[in-house]
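In what follows, a single structure is set out as structure tokens and then discussed.
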Amino acid sequence: MTPSSPDAATAPVDADAAIAAVEPLPPSRRVSGLIEDVRAGFAKRPRELSPKYFYDARGAELFERICALPEYYLTRSEAGLLDAHADALIDRVRPDHIVELGAGSARKTETLLAACERAGLDTAFWPLDVCASVLVEARERLQARFPGLRVRALAGDHTAGLDHLPPRTGRTLFVFLGSSLGNFEGESARTLLGDIAACMGGEDRLLLGVDPVKDRETLEAAYNDSEGVTAAFNANVLNVLNRELDGDIDVDAFRHRAVFNPAANRIEAYLDVVRRHTARLGALGETYTFVEGESLFTEISRKFTPTGLDGDLNPAGLAREVDFFADRNRYALHLVRRA
Ligand code: AVJ
């Protein structure tokens, strides 16, 4: 609230002004789009789709519900770890800036900002997300809780490079939570981590939240919940294709399946075809036949061991500095520095 504007409490919220105050983060390099990705993914066997297309408005809402499911321990375990260790983490890093990749609602990060406030630090918060409206909401909530907090909302795709991240002084804590790294493997993981490393100075740190490898039952239950929310989340990607690509894919002809692949340490999610049918994607000018027994590969959610994670971090010029594990290795936070 600005004391200089006496009408602030009664003035209508200017939604356009709020959106405008979100700065675009221009991409450093071109990333492929939906049409290209579907064309290439549907040419493969099994056919595949990128998990980045899950998150339309309905997909984001379903994901929020997943986070509250009894079987999906990841979100709660991570929040518990942050609560337990926020003060120690912040005392160690003493960040002048917190830059969060894929911040979304930034609810988990509130814990870190509260720790900064307790430590007497004047830390600025820079959330980065592809969705500008979610950033506006996050900023309003955060500024209500932390009066005076400087929030610089950046709208952009963190997979398109970070060359245009505004320059910072002092120490920056990069934050990448929610086991989001689990969607990236091989080249894409190295690129993402390399992009973060390229923005980091010797005093900067990356706080990474990942899901450790654990027993198959716990892992598979987290991706096959009894209410079917994850199944709806997975199938919703077909609604996205139908809407965005003028398609007529029969969503009911697919069934959700998620299995742990122990050789690759990852959950693999599929949409299995249970009824043969032909669908047209108007925007591609293509017709696709789906046959019973074939599967559409929609997501990988990697699970990590500390040394497995080193295999991602070290080639990117990064190294683990401190590890925090939740009860019985349910979840992990890693504080990472430049190697
Ligand atoms: C947001 C990618 C971390 O892989 O656990 C949840 C997405 N998919 N249930 C995950 C997801 C199915 C989630 N990530």
Side-chain angles (χ1 to χ4, degrees), residues 48-79 81-82 100-109 127-131 134 157-159 175-186 188-189 192-193 207-240 254-261 264-272 295-304 308-309 312 326 329-334:
E48 60 180 51
L49 280 172
S50 166
K52 75 177 182 192
Y53 299 116
F54 281 139
Y55 302 92
D56 67 343
R58 168 118 181 99
E61 181 191 313
L62 287 166
F63 180 64
E64 288 289 311
R65 283 178 59 195
I66 287 173
C67 292
L69 290 169
E71 296 96 334
Y72 197 77
Y73 56 85
L74 289 80
T75 313
R76 280 183 303 280
S77 299
E78 184 174 70
L81 267 184
L82 283 169
E100 181 170 17
L101 307 181
S105 64
R107 259 173 223 291
K108 299 169 276 200
T109 323
L128 166 60
D129 204 277
V130 283
C131 182
V134 89
D157 179 353
H158 56 265
T159 70
V175 173
F176 194 41
L177 296 173
S179 206
S180 303
L181 182 64
N183 274 169
F184 300 85
E185 197 171 50
S188 72
L192 178 58
L193 292 170
L207 182 64
L208 201 53
V210 297
D211 192 20
V213 176
K214 57 180 68 64
D215 64 280
R216 175 188 288 275
E217 290 65 37
T218 304
L219 288 172
E220 290 189 347
Y223 294 86
N224 291 281
D225 65 278
S226 59
E227 290 171 53
V229 183
T230 310
F233 172 75
N234 193 7
N236 181 60
V237 76
L238 300 174
N239 296 322
V240 172
F254 293 82
R255 193 148 304 147
H256 166 75
R257 175 168 58 97
V259 286
F260 181 55
N261 175 345
N265 276 342
R266 63 188 198 189
I267 288 280
E268 299 173 353
Y270 297 92
L271 289 168
D272 291 339
S295 305
L296 195 58
F297 190 11
T298 53
E299 185 173 38
I300 57 163
S301 297
R302 291 172 63 210
K303 306 301 159 187
F304 298 85
L309 183 61
D312 288 86
N329 206 24
R330 270 178 99 72
Y331 200 81
L333 288 175
H334 300 283

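Atoms within each ligand, like the ligands themselves, are counted from 1 in listed order.
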With sequence neighbours left out, the residues meeting salt bridge (charged side-chain N to carboxylate O under 4.0 Å, His left out) with Glu268 are Arg266
Contacts of Asp129 meeting salt bridge (charged side-chain N to carboxylate O under 4.0 Å, His left out) (sequence neighbours excluded), chain-then-number -> none
Separation between CG (Asp225) and CD1 (Ile66), nearest 0.5 Å, reads 7.0 Å
Taken in chain and number order and not counting sequence neighbours, the residues that satisfy side chain to side chain donor-acceptor pair (under 3.5 Å) with Arg302 are Asp312
For ligand 1, what N or O to protein N or O distances fall under 3.5 Å?
{"from": "ligand 1", "atom 1": "4 (O)", "to": "Ser301", "atom 2": "OG", "distance (Å)": "2.5"}
{"from": "ligand 1", "atom 1": "5 (O)", "to": "Tyr72", "atom 2": "OH", "distance (Å)": "2.5"}
{"from": "ligand 1", "atom 1": "5 (O)", "to": "Tyr223", "atom 2": "OH", "distance (Å)": "2.6"}
{"from": "ligand 1", "atom 1": "8 (N)", "to": "Glu299", "atom 2": "OE1", "distance (Å)": "2.7"}

For the aromatic rings, using the six-membered ring if either is Trp, is the centroid distance between Tyr331 and Phe304 under 6.0 Å? no
Tyr270 and Phe297 aromatic ring geometry - parallel, tilted or perpendicular at 30°/60° bounds: parallel
